[in-house]
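Each remark here refers to the structure printed beneath this line.
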Amino acid sequence: MTFPKQPAGGAGARLSAGGLTGAIVLLLTSLDAAAAEAARPEQIVLISFDGAHDNRLWQRSLKTGELTGAKFTYFLSCTFLISRDARKTYKAPGHSAGRSNVGFAPDRADVVERLGHIWAAHQEGHEIGSHGCGHFDGKDWSKDDWSAEFDQFDGVVSNAWAENEVQPPAGWSDFVASEIKGFRAPYLSTGTALHAALADHGLSYDASTVSDGPAFPDFTQPVARFALPMVPEGPNGRPIIAMDYNLFVRHSGAEEDPSKSEEFEMRALDAFRTAFEAEYSGKRRPLQLGFHFVEMNGGAYWRALERFALETCGRPEVACITYQEAMRRLQPQPSDQDS
């Protein structure tokens, strides 16, 4: 059977033109969407731990990294690489020898186990940073005081294996000399003397400041500055520093209350999720979350962290990375500054 030929410009021609126009619109829409996606920055999440002492929590955090693909930053206090018997080898500025606000390792075996975790973390792509040594508030320290603390940190970490009568792994010296580039001050206590000492000591960034919500790092300073954000938390969404200790203080007055552990876990998790979603669907500023190697309120905040990392770090356009890696991705390049 044959069909009558359509006259030029008839319904068939109009249908063909309409189909072509629709295809072009669809293609352009797809290209626009792809371009917008390509232009959208990834959502960086920075998860860090202060102190880095309890060996059981070293194991737990490394397992969490393995399960989620997250890379963590551990801000180490160097007194945990000094056994109690050797504590007088450390002297903090303005304090007598052998003093530390966070104590020392109980014995050499504990130190050696911790050293093994530090080395494993480094090999697995996590970052080791400095938290100083004795966890003293250095707000009144001079530049020389801070420099003395940094020198002691370097010496303790460099010699920790030998001081505990164990041969260091190959590459340890290079790791200490070239891979420890970040610092977080105890109590987040900073000042001009600290910043001057950081620059003189060759450190690349400081992660001690606080910002009103997530913020991009400040690369205009000699040493880059990262800030823990204030995030909404609780029934009224009151801002709080995104750190487990601050949640602990708010939830229970810094007194252990394991009977409400599940409630505190959900409040923390909700706060992390809310802060993340606001950035993921918005400006995509890095989200920083800080923790300690202490299970406060029955482990509520560690459980919240693990759940958050498990559900978040594998999402599209999300990068749970170290501070040094964030610097590499975010720091303006000379070509960017010149353009």
Side-chain angles (χ1 to χ4, degrees), residues 43-77 80 102 113-114 117 120-121 124-127 131 184 188 207 214 228-280 286-315 318-323:
Q43 178 61 58
I44 289 176
V45 178
L46 299 167
I47 298 170
S48 60
F49 299 96
D50 291 2
H53 56 292
D54 188 310
N55 281 313
R56 182 178 59 84
L57 294 179
W58 264 111
Q59 294 172 346
R60 182 171 173 179
S61 65
L62 291 173
K63 185 64 175 178
T64 299
E66 180 184 335
L67 289 173
T68 64
K71 301 302 178 185
F72 302 133
T73 301
Y74 298 89
F75 292 108
L76 173 69
S77 296
F80 297 124
V102 289
E113 183 178 357
R114 183 168 301 105
H117 293 316
E124 291 169 19
H126 301 288
E127 178 186 353
H131 199 41
R184 175 171 288 151
L188 304 180
L228 285 164
M230 301 287 288
V231 299
E233 189 276 334
N236 298 319
R238 286 192 299 137
I240 191 170
I241 298 174
M243 196 171 226
D244 55 358
Y245 181 74
N246 301 80
L247 292 164
F248 181 46
V249 171
R250 174 174 290 183
H251 291 167
S252 60
E255 297 290 336
E256 288 292 339
D257 187 358
S259 68
K260 295 184 178 178
S261 186
E262 291 187 7
E263 174 190 335
F264 298 149
E265 174 189 348
M266 283 309 305
R267 281 185 58 166
L269 181 58
D270 287 345
F272 301 159
R273 285 170 170 168
T274 299
F276 172 83
E277 292 298 342
E279 292 306 317
Y280 190 63
L287 175 63
Q288 300 175 60
L289 303 175
F291 299 85
H292 292 77
F293 263 32
V294 179
E295 293 176 293
M296 306 167 200
N297 276 333
Y301 311 114
W302 270 69
R303 295 196 306 273
L305 158 66
E306 289 164 340
R307 291 174 65 181
F308 174 79
L310 192 62
E311 69 187 29
T312 303
C313 292
R315 290 177 63 171
V318 174
C320 296
I321 56 178
T322 66
Y323 278 86

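On a predicted model such as this, the values are computed, not experimentally measured, just so you know. Counting from 1, the numbers follow the sequence of the chain as shown.
Of all the heavy atoms in E233 and A271, the pair that sits closest is CG-CB, 3.8 Å. Considering every non-hydrogen atom in both I321 and L46, the closest pair reads O-CD2, 3.2 Å. What you find for T322 and G125 is that their closest heavy atoms are CG2-O, 3.7 Å. The two residues P214 and P229 come nearest to each other via the heavy atoms N-CB, 3.4 Å. Minimum interatomic distance between D54 and R114 (heavy atoms only, all atoms of both residues): N-NH2, 4.4 Å. Summarising the geometry of L188 relative to A207, their closest heavy-atom pair is CD2-O, 4.5 Å, with the distance given to 0.1 Å.
Looking at F293 and F80, their side chains never come closer than 4.5 Å, going by heavy atoms from C-beta outward. At a threshold of 4.5 Å between non-hydrogen side-chain atoms, the residues L247 and F264 do not count as touching. The shortest side-chain heavy-atom distance between F248 and E256 falls under the 4.5 Å cut-off. No side-chain heavy atom of H53 sits less than 4.5 Å from a side-chain heavy atom of H292.
Between the CD1 atom of I44 and the CD atom of Q288 there is a distance of 10.0 Å, given to the nearest 0.5 Å. Expressed to the nearest 0.5 Å, how far CD of Q43 lies from CZ of R315 amounts to 9.5 Å. Taking CD of E295 as the reference point, atom CG of D244 lies at 10.5 Å (rounded to 0.5 Å). Distance check: L287 CG to F308 CZ gives 5.5 Å after rounding to the nearest 0.5 Å. Between atom CD of residue E265 and atom CZ of residue R267 there is a gap of 13.5 Å, rounded to the nearest 0.5 Å. Atom OH of residue Y301 and atom CG of residue L269 lie 12.5 Å apart, to the nearest 0.5 angstrom.
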Does T274 form a side-chain contact (heavy atoms from CB on, under 4.5 Å) with V231? I'd like the steps, not just the answer.
CA-CA 8 Å; T274 299; V231 299; over 6 Å; no

Apply the test side-chain contact (heavy atoms from CB on, under 4.5 Å) to residues E311 and R273: give CA-CA distance (whole Å), side-chain angles for both, the deciding distance (0.1 Å), then the verdict.
CA-CA 10 Å; E311 69 187 29; R273 285 170 170 168; 2.7 Å; yes

Let me see the working for R250 and N246 under side-chain contact (heavy atoms from CB on, under 4.5 Å), right down to the final yes or no.
CA-CA 6 Å; R250 174 174 290 183; N246 301 80; over 6 Å; no

Before giving the answer on side-chain contact (heavy atoms from CB on, under 4.5 Å), spell out for M266 and R307 the whole-Å C-alpha distance, their side-chain angles and the decisive distance to 0.1 Å.
CA-CA 10 Å; M266 283 309 305; R307 291 174 65 181; 3.5 Å; yes

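Between W58 and H117, the angle of the ring planes stays under 30°, which puts this pair in the parallel group of the 30/60° scheme.
For the 3.5 Å distance criterion, the side chains of Y74 and S61 qualify, holding a donor opposite an acceptor. Side chains of R184 and T73: a donor-acceptor N/O pair is absent below 3.5 angstrom, by distance only.
Just one residue in the list Y245, F75, F72 forms a ring pair (Phe, Tyr, Trp, His ring centres under 6.0 Å) with F49, and that residue is F72.
The existence of a salt bridge linking K71 and E127 is excluded, since no basic side-chain nitrogen approaches an acidic carboxylate oxygen closer than 4.0 Å. The pair R303-E306 fails the salt-bridge criterion, with no side-chain N (NZ, NE, NH1 or NH2) lying under 4.0 Å from an Asp/Glu carboxylate O.
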